[in-house]
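Everything below concerns the one structure shown next.
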Amino acid sequence: MTDCIKVRGARVHNLKNIDVDIPLNKIVGIAGVSGSGKSSLALGVLYAEGSRRYLEALSTYTRRRMTQAAKAQVDEILFVPAALALHQRPAVPGIRSTFGTGTELLNSLRLMFSRLASHRCPNGHYVKPSLAVAAGEKLRCPICGAEFYAPSAEELAFNSLGACRTCSGTGFVQTVDRSTLVPDESLSIDEGAVAPWKSLMWSLMTDVCREMGVRTDIPFKDLSDREKDIVFNGPAVKKHIFYKSKNTELAGELDFTYYNAVYTVENALAKVKDEKGMKRVEKFLKRDICPDCHGSRLSEQARAPKLNGLSLDEASHMTLSQLTDWVQTIPSTLPQEMRPMAKSIIDSFQGVAKRLLDLGLGYLQLDRTSSTLSTGERQRMQLSRAVRNRTTGVLYVLDEPSIGLHPSNIEGLISVMHDLIADGNSVVLVDHDTQILRTADWLIEMGPVAGAKGGRVIAQGTVNDLIRSEQSQIGPFLDQESARPKRMRSQVDQLFEFGQIRLQTSAIHTVKPLSVTIPKGKLTVVTGVSGSGKTTLILESLVPALNALINKKKLPEHVRQIEAPDIADVKLIDATPIGINIRSTVGTYANVHDELRKVFAKIPRAKEAGLKAGDFSYNTGKLRCPLCDGTGQINLDVQFLPDVTIACPQCGASRYTEQAKNLFSKDLFDGHSLPDLMAMDINSVLDIAGKQKLIAQRLKTLQELGLGYLTLGEETPGLSGGEAQRLKLASEMGKPQSQSVFIFDEPTIGLHPLDIQVLMKVFDRLIANKATVIVIEHDLDIIRNADYIIDMGPGGGDEGGQIVACGTPEDIRSNPESITGRFL
């Protein structure tokens with residue numbers, strides 16, 4: 001039997017024809033700076049070939065209905081097992097998906113309630129649990145004698161027969177948001193104060209309202225309570241009005257029924273037929289919890305069975321930790337003959353639950369909507385599902401599994417990977433986190449840099465081999481004894497020298513009432529285990545509160561107080577992708593492409609051809625490639641196989657015509673054309689920028705942000721989260737920022753430790769310009785180098801939501817209550 005996968009001549013993306021052996025039945029870590037070729041090797045070669053070869057064993061008819069990877073560019077790859085990939089960013093599920101459905105725990109729970117519960121007869125009496133339910137027999141009520149069948153598990157499902165009729169099993173209903181009906185009370189009704197009458201209904205409703213006894217010619221705020229009530233809630237009575245059209249000479253008398261402002265919206269909603277109609281109505285709506293099922297999504301019949309004192313909706317609302325303890329007590333409440341069946345169902349539930357608890361998800365409720373979960377939470381759900389199958393001989397490719405995980409959660413992840421190996425599988429993980437890389441049996445490091453000059457194996461071996469290797473860039477960070485990157489932190493007595501921001505909140509979600517102080521002009525890191533309330537505190541409380549204060553608007557309901565003297569701006573720098581299509585590039589986003597177009601329009605050859613700056617646009621200009629329409633690529637529809645995207649054969653992926661390639665000047669950018677520059681990385685363009693000061697200045701900023709390896713033509717939707725964050729920052733650098741608060745949401749996602757050092761320099765530049773920097777983060781190097789730390793917890797969900805400790809890293813380290821402190 002072979003003990004490794006043999007890869008020969010891999011050329012996917014920037015891989016330089018590499019040969020490498022990947023040990024089987026081991027945890028193999030692939031490290032390297034961003035863009036060095038890690039994912040190309042793991043996903044583009046190993047996963048692509050492992051999954052493709054497995055799918056090729058299926059019939060053509062079956063394969064046609066499945067998404068397949070194209071054949072990897074590799075000379076030879078031997079002994080690759082069937083592969084499963086757990087991607088860095090799992091898709092955001094729809095409104096019907098919950099934590100319970102996503103993990104399939106709800107299936108076991110519904111089965112328990114169907115087979116083991118006390119069921120309610122049609123007259124409201126309860127029949128004790130019995131084996132008759134499992135046998136499919138009719139139940140007979142001992143009180144009234146009514147006969148009925150117990151509900152099946154399907155009849156307890158909110159995505160099927162058990163759905164609440166009012167909300168169709170979504171848990172929410174759309175109701176009229178009364179605060180939007182009269183946005184400006186200084187206007188009179190004649191002037192259009194009642195917004196839905198203006199945009200959803202004929203203007204004659206104003207005339208009908210006047211006949212109802214409402215003064216329509218004075219400011220709305222001056223109307224009596226009775227008049228306002230008629231506007232919002234008046235009855236649907238007919239009134240005789242004289243109507244004159246504003247646009248024509250037509251006029252006449254007619255009878256018309258009064259539609260109050262609320263009913264106007266409800267009527268328009270009922271008649272919506274398309275997206276355009278919905279857009280007109282949705283600004284007057286808000287999402288409320290369903291009044292009938294109270295958000296449980298279940299019909300009254302599905303909520304009726306009682307098991308161990310609880311109904312299905314009550315059990316689904318418990319945290320997984322609480323639910324697991326409760327489920328364990330069920331057999332003892334049942335007749336002796338039912339216990340073997342109960343144990344079988346419960347063992348199935350507990351096996352799945354144990355994995356999720358190991359991965360630190362015990363704080364989540366089964367009825368929690370999946371779309372509200374973080375990336376890390378969704379990824380761990382995905383991982384637990386893969387482990388649960390107890391497969392053997394499978395290659396698991398994990399793409400940055402440490403994303404969004406606190407160091408304590410990473411320990412659970414490591415134990416799950418060891419379980420996969422124990423079952424006879426192989427694990428390849430792409431990651432930057434040294435805590436997880438230290439546990440690998442074998443490491444392969446890609447580099448030495450990103451992009452065209454990367455794509456080589458620069459070091460491989462055990463963790464100790466890489467620590468000793470002179471070529472390894474990750475080695476020094478794997479050595480726990482090595483010095484950590486350091487920045488000049490603020491002295492303790494100077495922490496609040498520039499003032500402070502104070503926030504007070506009442507309870508929201510699982511977060512308790514909080515009072516927090518944040519120093520201005522310093523680096524504050526907010527940390528804590530997953531689900532401890534970091535996002536709620538900063539993104540759902542601090543950001544909207546500051547925005548409300550700056551814009552003189554009403555504070556969010558749960559915010560009791562916000563004090564932020566002299567703060568005039570809040571900038572949220574998150575990892576959401578930039579742009580939605582391949583037409584958005586680094587050059588266009590950084591405002592470099594526009595300047596380049598102006599420069600090239602001034603060269604003699606362009607003037608002779610009568611070209612203007614707009615002609616150099618690859619989106620709309622005359623010089624864009626006509627075959628690919630300026631996208632640089634074309635899609636080929638290959639029957640029975642997945643669509644193939646190839647570089648445009650006419651322009652060679654440059655996006656431009658041959659004429660554009662011939663437009664250059666010897667004393668401009670060393671004789672390179674605009675298409676040439678778009679294919680070059682920022683560092684290379686900067687070297688030849690010469691006298692183009694504005695272009696050089698913008699490129700220099702990108703270089704200082706650690707993005708010098710990106711090409712100007714690189715598509716922004718394909719950038720990693722960390723790259724997107726830094727690109728968004730480019731326009732902010734160098735400005736005075738004393739009135740600005742910058743909020744970073746996990747900026748180290750996808751960053752190598754060397755890139756994290758660059759990121760800390762970025763923070764220091766912002767702070768040097770007097771900005772206040774607040775970072776939500778799990779990375780220990782960032783936490784160690786904070787001026788001030790707010791540590792939340794102590795656990796996740798109901799077990800968290802409090803501020804465990806505040807202060808300097810030394811304060812956190814010495815606090816016995818802080819889980820973060822233990823890892824520091």
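In what follows, every heavy atom counts, from backbone to side chain, and hydrogens, waters and symmetry copies are set aside.
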Side chain proximity check, N785 to M760, heavy atoms < 4.5 angstrom: yes
Rounded to the nearest 0.5 Å, the CG atom of L766 sits from the CG atom of L729 at a distance of 6.0 Å
Side-chain heavy atoms of I790 within contact of V525, under 4.5 Å: no
Name all residues meeting the side-chain contact (heavy atoms from CB on, under 4.5 Å) criterion together with K700; count only those two or more places apart in sequence or in a different chain, and write none if there are none. L686, Q703, E704
What's the separation between atom CG in L15 and atom CE in M446, rounded to the nearest 0.5 Å? 5.0 Å
Locate the shortest heavy-atom distance separating H752 from I474; write the atom from each residue and the value. NE2-CD1, 3.7 Å
Looking at NZ of K26 and OG of S426, how far apart are the two atoms once the value is rounded to the nearest 0.5 Å? 9.0 Å
What one should report as the nearest heavy-atom pair of N14 and G37 is OD1-CA, 3.5 Å
I'd like to know if the side chain of D479 and the backbone of G475 have a donor-acceptor N/O pair within less than 3.5 Å. no
Does T808 offer a backbone N or O that forms a donor-acceptor pair with the side chain of D811 under 3.5 Å? yes
Nearest 0.5 Å, what's the CG-CD1 distance between D441 and I421? 6.5 Å
Examine distances only and state if a side-chain atom of D431 and a backbone atom of G29 form a donor-acceptor pair shorter than 3.5 Å. no
Side chain of D433, backbone of Q435: donor and acceptor closer than 3.5 Å? yes
K522 vs S490, test: side chain to side chain donor-acceptor pair (under 3.5 Å). Steps then yes/no. CA-CA 8 Å; K522 307 289 179 183; S490 176; 3.1 Å; yes
S321: side-chain contact (heavy atoms from CB on, under 4.5 Å) partners, not counting sequence neighbours: T319, L357, E799
If you take all heavy atoms of Y788 and C806, which pair is closest and at what distance? OH-CB, 3.5 Å
Please examine the side chains of I756 and I782, heavy atoms only from C-beta on, and report whether any two atoms are closer than 4.5 Å. yes
For L398, the option from I436, L383, V430, V416 that meets side-chain contact (heavy atoms from CB on, under 4.5 Å): L383
Using the side-chain contact (heavy atoms from CB on, under 4.5 Å) criterion, which residues pair with R8? Sequence neighbours excluded. K6, D19, D21, E76
Do L537 and L542 pass the side chain to side chain contact (heavy atoms under 4.5 Å, CB included) test, and can you show the C-alpha distance, the side-chain angles, and the key distance before you say yes or no? CA-CA 6 Å; L537 172 65; L542 181 65; 5.9 Å; no
Taking the six-membered ring where the residue is Trp, are the ring centres of F744 and F763 under 6.0 Å apart? yes
Any Lys/Arg nitrogen of R784 or D781 sitting under 4.0 Å from an Asp/Glu carboxylate oxygen of the other? yes
Check against side chain to side chain contact (heavy atoms under 4.5 Å, CB included), L539 and I743: CA-CA 9 Å; L539 302 189; I743 296 189; 4.1 Å; yes
Sequence-distant partners of T701, side-chain contact (heavy atoms from CB on, under 4.5 Å), two or more places apart: L705, A730, M733
Going through the checks in order, is the side chain to side chain contact (heavy atoms under 4.5 Å, CB included) test met by L443 and T462? CA-CA 6 Å; L443 288 172; T462 63; over 6 Å; no
Enter the distance from I812:CD1 to S818:OG here, rounded to the nearest 0.5 Å. 5.5 Å
Name all pairs fulfilling the side chain to side chain donor-acceptor pair (under 3.5 Å) condition that reach into residues 410-423, sequence neighbours left out, sorted by first residue then second. R355-D419, R390-D423
P753 and T434: which non-hydrogen atoms are nearest, and at how many Å? CG-CG2, 4.3 Å
Answer whether the closest heavy-atom distance between the side chains of V428 and I22 falls below 4.5 Å. yes
Locate the shortest heavy-atom distance separating R378 from S370; write the atom from each residue and the value. CD-O, 4.1 Å
Between R11 and V74, is a side chain to side chain contact (heavy atoms under 4.5 Å, CB included) present by the stated rule, with each step listed? CA-CA 6 Å; R11 299 177 299 281; V74 59; 6.0 Å; no
Check this for me, if you would: do E810 and R489 make a salt bridge, where the nitrogen-to-carboxylate-oxygen distance has to be below 4.0 angstrom? yes
Test T527 against E777 for side chain to side chain donor-acceptor pair (under 3.5 Å), laying out the working first. CA-CA 6 Å; T527 189; E777 192 51 83; over 6 Å; no
Please check this pair: side chain of N25 against backbone of G424, looking for a donor-acceptor N/O pair closer than 3.5 Å. yes
Can you tell if the side chain of V28 reaches within under 4.5 Å of the side chain of I444, non-hydrogen atoms only? yes
Say whether, by atom type as modelled, one donor and one acceptor occur between the side chain of Q725 and the main chain of D745 under 3.5 angstrom. yes
Donor-acceptor pair, side chain of Q802 and main chain of M792, under 3.5 angstrom: no
Are the side chains of R368 and L373 in touch, meaning some heavy atoms are under 4.5 Å apart? yes
I want to know whether F99 and Y363 have ring centres closer than 6.0 Å. no
Heavy-atom side-chain contact between L320 and L105 under 4.5 Å: yes
Heavy-atom donor-acceptor pair, R813 side chain to G821 backbone, under 3.5 Å: no
With no hydrogens and no angle check, is any side-chain donor or acceptor of K38 less than 3.5 Å from a backbone partner on S36? no
When you measure from the side chain of S472 to the backbone of S469, do you find a donor-acceptor pair of N or O atoms at a distance under 3.5 Å? no
Listed pairs under 3.5 Å, donor-acceptor, residues 448-460 side chains, sequence neighbours left out:
none

Looking at D787 and R487, is any side-chain nitrogen of the basic one under 4.0 Å from a carboxylate oxygen of the acidic one? yes
Tell me the closest heavy-atom pair linking L437 and V463, and the distance in Å. O-CG2, 3.8 Å
About how many Å separate CZ of F496 and CD1 of I501, when rounded to the nearest 0.5 Å? 10.5 Å
